[in-house]
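Here is the naming used below: chain letters follow the sequence lines, and residue numbers restart at 1 for every chain. Here the structure is a predicted model, which means the values were calculated and not measured. The basis for the numbers below is simple: all heavy atoms, side chains too, and nothing from hydrogens, waters or symmetry mates.
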Number of protein chains: 2
Amino acid sequence: MSNLSTTAEDILAVARTLIINGGYNGFSYADISEVVGIRKASIHHHFPSKVDLVRELVKRYREDGQAGVAALEQNVPNALDILKVYSTHWSKCIEDASRPYCVCALLASELPSLPPEVAAEVTAFFRFISSWLGSVMERGSKEGTLTLSSEPDVEAEAFLATVYGAMLSARAYGSPKVFGTILAPTLSRLTPNAAH
Amino acid sequence: MSNLSTTAEDILAVARTLIINGGYNGFSYADISEVVGIRKASIHHHFPSKVDLVRELVKRYREDGQAGVAALEQNVPNALDILKVYSTHWSKCIEDASRPYCVCALLASELPSLPPEVAAEVTAFFRFISSWLGSVMERGSKEGTLTLSSEPDVEAEAFLATVYGAMLSARAYGSPKVFGTILAPTLSRLTPNAAH
DNA sequence: CCCAACCTACCTTCTGATAGGGAGGGCGTC
DNA sequence: GACGCCCTCCCTATCAGAAGGTAGGTTGGG
């Protein structure tokens, strides 16, 4: 949690929106300056290079994610509920168009062409999310709050893939509902005592 | 199937590889010219604008997909086998690094920032794949070669999301094996008489 | 007095795109 | 068969604008 000026926060927020729209090569310092209301050159004062900006952006995105996950684990004891909250989070973001895509999902798809420093942060994010979901799956399986048909790690990867795949489909079809439609059967399959 | 010169075909092939690497804004005419061995300006002779190029590229990608699917339907009667062949196709592409990502998956993630003409072709591709998978699911369910736990259309969307999510994960982790790991339980769940 | 924050002005390189010309093959006419 | 004509393909030269980035100056609060 480095304490940056409000302007720097604004820049990061705008950059995040722009990346969600079109990825790393889909935005420029000029785009940011228009929205923030600052000259292009002034952005370099806060983030010397584009790599610095996006690296910091993804780093914070991961840290925010880790904080959110920690809070979730504290407030929601049931593993199935955690997965539901997680998928609902994305469902809402997509439906109200606030953050209709994951920054790291977009950057991950561009991975081979990304600057190494940024790429490293992106893969770190996926490792984090993946291992967290793995721990949720394992705990839920032990506690009986989740019904797994594979190993916890495999189940975690499959769940993550479904979430991110559903995100892509929602974008591809231009219809937010698709996300929920895809996630529903996945969640019900993980629900104990569910007839299927 | 418009008959274009060999050079035009080469340009499209190189462009496809470049898009798979970094998306629409991740490549330039200069990049293509280096690989094809032709001057930058000469590419404009074959494809007046970048939009023309990528639109044609995606259009052909979809047409090739439709042809491939038609052949698959003729040669493979069993619906479950069709899904296996489909996922194995991607598994191989990812593992031998020949086409480690779907052109349309990458373009779909960039959809909001794409030129409308290109965006239209991309969504058309997804509608095609989705409706095809839907028909496979429905037929498999009726014939008893697939065990569905939801409506065919929903099952199709979920399967598609899993495939594309697994593709992203393989790229994010930099390990091709992940794709197969994720797809295996999905396919076994669709397999009749499978204990789970 | 210093320093963070922002500015203007400018630079280099890349971007997609255009104009115009040259080489060469195909084709009809004499 | 030779001539002229056109058309395809590719070239050089050039463009305007956008890209990321730098240099150096101004302002204002602690």
Side-chain angles (χ1 to χ4, degrees), chain A residues 1-58 106-107 110 112-119 121, chain B residues 1-19 21-58 103 106-107 110 112-119 121:
Chain A
M1 294 278 184
S2 29
N3 45 347
L4 297 180
S5 73
T6 310
T7 309
E9 306 275 7
D10 289 351
I11 292 170
L12 286 172
V14 171
R16 190 188 54 202
T17 305
L18 292 170
I19 289 179
I20 287 172
N21 251 7
Y24 186 84
N25 293 309
F27 80 102
S28 70
Y29 270 41
D31 296 329
I32 297 176
S33 80
E34 272 183 35
V35 182
V36 176
I38 204 181
R39 293 290 149 173
K40 209 180 55 156
S42 304
I43 301 174
H44 287 280
H45 170 72
H46 299 281
F47 305 99
S49 78
K50 195 177 182 182
V51 170
D52 293 320
L53 202 172
V54 181
R55 197 209 296 121
E56 178 69 21
L57 170 63
V58 178
L106 225 161
L107 293 177
E110 301 175 312
S113 72
L114 245 42
E117 302 94 319
V118 177
E121 291 292 340
Chain B
M1 297 273 187
S2 28
N3 45 346
L4 297 179
S5 73
T6 310
T7 307
E9 307 274 7
D10 289 351
I11 292 170
L12 287 171
V14 171
R16 190 188 53 203
T17 304
L18 292 170
I19 289 179
N21 251 8
Y24 186 85
N25 292 310
F27 79 101
S28 70
Y29 270 41
D31 297 329
I32 297 176
S33 79
E34 272 183 35
V35 182
V36 176
I38 204 180
R39 293 290 148 172
K40 212 179 52 157
S42 304
I43 301 174
H44 287 279
H45 169 73
H46 299 280
F47 305 98
S49 78
K50 196 179 181 180
V51 170
D52 293 320
L53 202 172
V54 181
R55 197 209 297 120
E56 178 69 20
L57 171 62
V58 178
V103 170
L106 224 161
L107 293 177
E110 301 176 313
S113 71
L114 245 42
E117 302 95 318
V118 176
E121 291 293 339

Exercise. Whole Å only: how far is the CD1 atom of A:Ile38 from the C1' atom of C:dT8?
Worked result: 14 Å
For this session: Let me know the distance between CZ of A:Phe47 and C1' of D:dA19, rounded to the nearest Å.
Result: 19 Å
Problem set entry | B:His46 NE2 to D:dC9 C1', straight-line distance once rounded to whole Å | 6 Å
Exercise. Rounded to the Å, how far apart are A:Arg39 CZ and D:dT26 C1'?
Worked result: 15 Å
For this session: Could you check A:Val118, A:Ile19, A:Asp52, A:Ile11 and say which one makes a side-chain contact (heavy atoms from CB on, under 4.5 Å) with A:Leu57?
Result: A:Ile19
Exercise. So, is A:Ser42 close to the C:dC7 phosphate, meaning a side-chain N or O under 4.0 Å from OP1 or OP2?
Worked result: yes
For this session: Run the numbers on B:Leu107 and B:Val54 for side-chain contact (heavy atoms from CB on, under 4.5 Å), then give the verdict.
Result: CA-CA 10 Å; B:Leu107 293 177; B:Val54 181; 4.3 Å; yes
Problem set entry | Short side-chain N/O contact to D:dA18 OP1/OP2 from A:Ser28, under 4.0 Å | no
Problem set entry | A:His45 side chain near C:dC6 phosphate (N/O to OP1/OP2, under 4.0 Å) | no
Exercise. Under 3.5 Å, is there an N or O donor on one side and an acceptor on the other linking the side chain of B:Lys40 and the base of C:dG16?
Worked result: yes
Exercise. With distance as the sole criterion, is a donor-acceptor pair present between the side chains of A:Thr7 and A:Asp10 under 3.5 Å?
Worked result: no
Exercise. Which part of the nucleic acid, if any, lies within reach of B:Ala30 when heavy atoms closer than 4.0 Å are counted: base, sugar-phosphate only, or nothing?
Worked result: sugar-phosphate
For this session: Return the value, rounded to whole Å, for the distance between atom CD1 of B:Ile32 and atom P of D:dC10.
Result: 14 Å
For this session: Taking the side chain as every heavy atom from C-beta outward, state whether B:Lys50 and B:Phe27 have any pair of such atoms under 4.5 Å apart.
Result: yes
Seminar exercise, completed: When every non-hydrogen atom of B:Glu110 is compared with those of A:Gly22, the smallest separation belongs to OE2-O, 4.1 Å
For this session: Output yes when at least one side-chain N/O atom of A:Thr7 is less than 4.0 Å from OP1 or OP2 of C:dC6, else no.
Result: yes
Exercise. Whole-Å distance between D:dC9 P and B:Glu9 CD?
Worked result: 12 Å
Problem set entry | Closest to side chain of A:Ala41, choosing from C:dA17, D:dG20, C:dC7 | C:dC7
Exercise. Whole-Å distance between C:dG16 P and B:Glu117 CD?
Worked result: 16 Å
Problem set entry | Atom pair distance, as rounded to whole Å: NZ in B:Lys50 and C1' in C:dA17 | 13 Å
